[in-house]
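Have a look at the structure below before the remarks.
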Amino acid sequence: MLQVSYIRENREEVLNRLSVKNFKSVELVDQIIKLDDDRRQTQTKLDSIAAEANASAKKIGELMRQGLKDEAESLKQQSNNFKEQTKDLSDKLSAIEILLQNELVLLPNLPHVSVPKGKSPEENVVVLEHGQIPQLMPNALPHWELAAKYDIIDFELGNKIAGAGFPVYKGKGAKLQRALINFFLDHADKVGYREMQPPIVVNEASGFGTGQLPDKEGQMYHIGVDNLYLIPTAEVPVTNLYRDVILKEEELPVKNCAYTPCFRREAGSYGAHVRGLNRLHQFDKVEIVQVVHPNNSYEVLEDMSTYVQSLLRALELPYRVLSLCGGDMSFTSAKTYDMEVWCAAQARWLEVSSVSNFETYQSNRLKLRFKSKEGKSQLAHTLNGSALALPRIVASLLENNQTEQGIKIPAALVPYTGFEYIN
RNA sequence: GGAGAGAUGCCUGAGUGGCCGAAAGGAACAGUUUGCUAAACUGUCGUACUGGUAACGGUACCGAGGGUUCGAAUCCCUCUCUCUCCGCCA
């Protein structure tokens, strides 16, 4: 959520930057400014009447104590007016505040100046490519067939006990999952991320804090009886740890990581391009989250991108980094890098990580602030990234590393799996 | 699931209708002093909105929402959460 004061003071800039996200709504911005004007006026009026009412109530108290009953009574009569006026004004004020809030959440985050213009994924900018595109043997298979061939991931069995998109990992397939999770957590630990194990259900307030609610309600699994949501990413519980928190400046940066299963309804996405592990309802992910000083959030974004790349290099996967164009960036992000790995048998790039700087967009909703030594508090910047999501990593490992002897496990991962081949 | 108790500032905790944005203690921060890993003293010490160039004001907030009243941390209603005991249980 953008800050109204910023919008007021930088109307032109806000409009320009929103246009990078192809968001053209001069009317909405002006409406917000107008509502805020109303809000201020109403507030000022209400405050001054409340001040009078308070003074008068205080006076009545004094008169009563002095035993001046008649004078107190007549003052009471007058004070009755205040009641209605303050009630009307405060009703009006809260109505305006709700309107303002409703409009404000319609505005996406402002893209950073370095974000490329563009409307569709084709206009994302490839920042770098790394690694060799592997040449596969002639009879190479896509990962869903490899999974069946080696009996390591069972989609049918998952269908039976839960439904499509809930695979069962078996034997070395299950061990590979566990190995990847530990591999990712150990690496995060080494670069200073503190491991957290958050709940994998969250309440409404948390869903709102990171922006899943109200607009993406349909994307989350909802547990009706207890009004809880299954998390779509660890970002939600881990970032919400800092909801309504004022940190000390010296506590920054906060670096947390967490492994969690993630649950996504993915309503409306079906078809061949979501086969196998490409898109699931439940998957595993290690997420990294930082809360940082506004002065260096873009340095941190680069660090996080470099860190995610180091994981892909360690796994010897060919990858590329995209700087997302305005039109392809999420509603809440100010700048996003996507990491995509090459999936050789499908011959396509698959997104395995998304690293974003949200600036104050999340922290404004979360009321996540830090206090400087001078005692001033201001909104912190939040960032997060996948490091990494498992299914597509597994897909590319299977497809890229298939050999006559079976699936070759990258050397860095062998200490975690305890085996060198899946065969 | 049954019974009871409670929710006040960073923490402990007082406050049962006006003199309470809130005692006291602790923590923290700053200063003074004495000196040796610390003590004593003094001061500062919530958040948000709002008026003002500023100085300095105003308003709201004592779990959340509503109500009574000229006036609510205090009375009434609803909700949420926490704790204790019993039951069940990984």
Side-chain angles (χ1 to χ4, degrees), chain A residues 1-9 32-104 197-209 213 222-229 237 240-252 254 261 360 362-380:
Chain A
M1 193 165 67
L2 298 176
Q3 295 163 84
V4 188
S5 56
Y6 188 87
I7 298 173
R8 292 182 73 94
E9 286 157 28
I32 285 170
I33 294 173
K34 189 178 169 301
L35 277 170
D36 192 49
D37 284 339
D38 280 1
R39 192 194 105 255
R40 288 180 178 215
Q41 273 184 26
T42 311
Q43 169 110 44
T44 308
K45 228 183 272 174
L46 174 62
D47 283 358
S48 69
I49 288 171
E52 278 184 67
N54 286 345
S56 151
K58 212 166 229 177
K59 191 91 179 274
I60 292 169
E62 273 169 37
L63 292 173
M64 298 288 262
R65 246 173 291 129
Q66 290 166 17
L68 302 168
K69 260 200 154 178
D70 292 344
E71 290 166 47
E73 277 304 323
S74 71
L75 200 48
K76 263 194 201 182
Q77 298 298 320
Q78 293 172 37
S79 296
N80 271 320
N81 296 328
F82 293 129
K83 224 178 177 183
E84 250 177 72
Q85 289 185 60
T86 49
K87 175 128 179 57
D88 287 351
L89 280 170
S90 71
D91 284 353
K92 187 180 170 194
L93 183 62
S94 51
I96 292 171
E97 280 171 346
I98 289 167
L99 275 175
L100 181 59
Q101 178 76 6
N102 289 346
E103 305 260 292
L104 213 45
Q197 276 201 16
I200 59 173
V201 294
V202 293
N203 56 24
E204 268 183 347
S206 300
F208 181 80
L213 294 175
H222 182 224
I223 303 163
V225 268
D226 295 306
N227 197 22
L228 294 170
Y229 294 85
N240 271 282
L241 297 175
Y242 300 92
R243 172 154 46 87
D244 293 320
V245 166
I246 301 176
L247 295 161
K248 292 185 195 130
E249 187 170 0
E250 57 267 28
E251 289 177 291
L252 300 176
V254 172
T360 58
Q362 286 184 329
S363 58
N364 190 30
R365 274 197 180 196
L366 291 161
K367 298 204 188 74
L368 163 50
R369 288 157 291 178
F370 69 92
K371 189 174 252 184
S372 66
K373 288 193 186 105
E374 298 81 53
K376 278 196 166 181
S377 57
Q378 60 172 313
L379 296 171

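Residue numbers start from 1 in every chain, and the chains themselves are labelled A, B, ... in the order their sequence lines are given, proteins ahead of strands. Computed from a predicted structure; not experimentally measured.
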Minimum-distance pair of heavy atoms, taken over all atoms of A:Phe82 and A:Ile49:
CD2-CG2, 4.0 Å
For A:Thr42 and A:Leu93, indicate whether the former's side chain and the latter's backbone hold a donor-acceptor pair under 3.5 Å.
no
Would you kindly compare A:Ile60 and A:Lys87 by the position of their nearest RNA chain B nucleotide and give the one closer to the 5′ end?
A:Lys87
In whole angstrom, give me the gap between the P atoms of B:rG46 and B:rA22.
10 Å
Assess whether atom CD of A:Gln3 is packed by more than 12 heavy atoms of other residues, nucleotides or ligands within 6.0 Å.
yes
Nearest heavy-atom contact between A:Met1 and A:Leu104 is CG-CG, 4.0 Å
Within residues 65-73 of chain A, those residues having any heavy atom closer than 4.0 Å to RNA chain B are A:Arg65
Once you apply a heavy-atom cut-off of 4.0 Å, does A:Ser377 come out as touching a base, just sugar-phosphate, or nothing?
sugar-phosphate
In whole Å, what separates the P atom of B:rC49 from that of B:rU68?
30 Å
Looking at every heavy atom in both A:Leu46 and A:Thr86, which two are closest together, and how far apart are they?
CD1-O, 3.7 Å
With a non-hydrogen cut-off below 4.0 angstrom, is A:Leu75 in contact with a base, only sugar-phosphate, or nothing?
nothing
Dot-bracket for RNA chain B, 5' to 3', counting Watson-Crick or G-U wobble pairs under 3.5 Å, with [ ] for crossing pairs and | for inter-strand pairs?
((((((((.[[[..)..(.....]]].(((((.(...).))))).((((((....)))))).[[[[[..)....]]]]])))))))....
Mind checking the C1' distance from B:rG66 to B:rC86? Whole angstroms is fine.
35 Å
Quote, to the nearest angstrom, the P distance that separates B:rU16 from B:rC76.
14 Å
In terms of side-chain geometry, is the basic nitrogen of A:Lys87 or A:Glu84 positioned less than 4.0 Å from the acidic oxygen of its partner?
no
When we call it a touch if two heavy atoms are under 4.0 Å apart, what does A:Ile246 touch: a base, just sugar-phosphate, or nothing?
sugar-phosphate
For A:Ile33 and A:Arg8, the nearest pair of non-hydrogen atoms, with its separation, is O-NH1, 4.0 Å
Would you classify A:Lys371 as touching base, sugar-phosphate or nothing, given that sugar-phosphate means primed atoms plus P, OP1 and OP2, and contacts are heavy atoms under 4.0 Å?
sugar-phosphate
With rounding to the nearest 0.5 angstrom, report the CD1 to CG distance, A:Ile200 to A:Leu228.
11.5 Å
Indicate, with a heavy-atom threshold strictly under 4.0 Å, whether A:Ser56 touches base, sugar-phosphate, or nothing.
nothing
Between A:Lys59 and A:Phe82, whichever has its closest RNA chain B nucleotide further toward 5' is A:Lys59
Looking at A:Asn227, I'd like to know if its CG atom is crowded, meaning that more than 12 non-hydrogen atoms belonging to other residues, nucleotides or ligands lie closer than 6.0 Å.
yes
Using a distance-only test with no angle check, is there a side-chain donor-acceptor pair under 3.5 angstrom linking A:Asp47 and A:Thr44?
no
Taking only the C1' atom of each, what is the distance from B:rG18 to B:rG13 in whole angstrom?
24 Å
Determine the Euclidean distance between corresponding C1' atoms of B:rG35 and B:rA40; express it in Å to zero decimal places.
12 Å
Shortest non-hydrogen separation from A:Leu2 to A:Asn364 and the atoms involved:
O-ND2, 3.4 Å
Taking the P atom of each, how far is B:rG15 from B:rU74, in whole Å?
15 Å
Between B:rU8 and B:rA14 - P atom distance, rounded Å:
11 Å
Between which nucleotides of RNA chain B, 5' to 3', does chain A make heavy-atom contacts below 4.0 Å?
B:rG18 to B:rG71
Sidechain-backbone polar pair: A:Ser56 side chain, A:Glu52 backbone, donor-acceptor under 3.5 Å:
no
